[in-house]
Amino acid sequence: MKIPRVPLTLQLSAIRLLREKLELASNKLEKTFTEPTLNYRQRGTTAGSAYLAEWQIRLNPVLLIENGEAFIQEVIPHELAHLLVYRCFGRAGITPHGKEWQWMMQEVLEVTPQRTHKFSVESVKSQGFMYHCRCPQPHELSLRRHNKVQRGTSQYLCRKCKEPLSWLATPQQKS
Ligand SMILES: [Zn+2]
Ligand SMILES: [Zn+2]
């Protein structure tokens, strides 16, 4: 799947909000934070994700283009809060949308904490075959690759955990 180009106005708007919220956090927490990098490589039905160690926010370009400003207002603070929680509290004993994240959203970034997004995902729904390994995120294989695996002519390994991918006929519900 090709990554659609995000219009410059939306990119600027996303950066503007990111800087605004980061400044708010710096003032309230009396701490300086480097600006996280933003990119548009999030795929699937996920709106965005925060890469803690990489200090990076990935946004879903399809959902961003479809939902515009509403997407930016919701997803940027949500993912930024994950990064800030990591920087302030570390990783041990922290649940992704737990107390610390909710506090960061409400008290620091001044937005209502919402765990999941409500954007329509019709256009980004998976068309392929969902394969699993040891990682929580499934991998999507095209029909061509799926057929190769089922015929036994190919095997694909997860790049992260190195496990062979196996097909689950009933896809797991995404949370
Ligand atoms: Zn989250
Ligand atoms: Zn894996």
Side-chain angles (χ1 to χ4, degrees), residues 14-15 17-18 20-22 24-25 29 33 35-64 66-67 69-121 124 126 128-142 145-146 148-150 154-175:
I15 291 168
L17 186 68
L18 178 68
E20 192 185 295
K21 293 298 181 190
L22 202 60
L24 194 60
L29 301 170
F33 301 99
E35 191 175 302
T37 51
L38 260 188
N39 68 45
Y40 302 94
R41 291 189 209 133
Q42 179 67 55
R43 297 172 72 164
T45 58
T46 306
S49 47
Y51 286 73
L52 305 179
E54 292 86 347
W55 202 244
Q56 182 189 89
I57 293 173
R58 288 192 187 186
L59 301 176
N60 186 315
V62 180
L63 294 178
L64 170 58
E66 283 177 2
N67 299 283
E69 202 55 41
F71 180 97
I72 291 170
Q73 293 291 334
E74 185 171 320
V75 183
I76 293 276
H78 180 118
E79 303 308 336
L80 178 61
H82 283 307
L83 293 180
L84 294 173
V85 165
Y86 170 65
R87 195 46 49 92
C88 296
F89 301 99
R91 220 166 200 168
I94 303 285
T95 46
H97 302 110
K99 286 196 299 281
E100 296 81 3
W101 178 82
Q102 294 191 20
W103 172 83
M104 193 64 81
M105 288 287 276
Q106 206 137 31
E107 305 299 329
V108 178
L109 301 180
E110 299 175 352
V111 287
T112 312
Q114 278 176 319
R115 288 152 192 258
T116 51
H117 71 80
K118 290 178 189 69
F119 306 117
S120 163
V121 293
V124 283
S126 135
F129 295 82
M130 300 319 274
Y131 275 69
H132 292 258
C133 54
R134 256 186 289 171
C135 304
Q137 283 283 339
H139 300 256
E140 188 179 333
L141 260 59
S142 63
R145 287 185 158 197
H146 169 74
K148 281 185 174 180
V149 175
Q150 296 308 311
S154 274
Q155 191 183 50
Y156 297 98
L157 301 181
C158 170
R159 268 184 232 163
K160 237 195 240 168
C161 72
K162 317 285 180 211
E163 281 264 297
L165 301 180
S166 64
W167 184 40
L168 269 193
T170 43
Q172 284 178 344
Q173 207 68 38
K174 272 200 179 161
S175 59

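We count ligands from 1, going down the list as the structure has it; atoms in each ligand are counted the same way. On a predicted model such as this, the values are computed, not experimentally measured, just so you know.
- Ring geometry for Phe33 versus Trp55: interplanar angle under 30°, hence parallel rather than tilted (30 to 60°).
- Relative to the six-membered ring of Phe129, Arg145 misses at least one condition, a distance below 6.0 Å or an angle of at most 45° to the axis.
- Here the protein contributes His78 NE2, His82 NE2, His97 NE2 as N, O or S atoms under 2.8 Å from the Zn ion (ligand 1).
- Side chains of Ile76 and Leu38 form a contact here, defined as non-hydrogen atoms less than 4.5 Å apart.
- Under the 4.5 Å side-chain criterion, counting only non-hydrogen atoms from C-beta, His117 is in contact with Leu63.
- Counting only N and O atoms by type, the side chains of His97 and His82 include a donor and acceptor under 3.5 Å apart.
- The aromatic rings of Tyr131 and Trp167 lie parallel to each other, their planes meeting at an angle below 30°, with 60° marking the opposite boundary.
- Protein-derived N/O/S atoms nearer than 2.8 Å to the Zn ion (ligand 2) total 4, waters excluded.
- Between Phe71 and Phe119, the gap from one ring centroid to the other is short of 6.0 Å.
- Using a 4.5 Å cut-off on side-chain heavy atoms (C-beta onward), Leu18 and Ile57 make contact.
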Leu157 vs Glu163, test: side-chain contact (heavy atoms from CB on, under 4.5 Å). Steps then yes/no. CA-CA 5 Å; Leu157 301 181; Glu163 281 264 297; over 6 Å; no
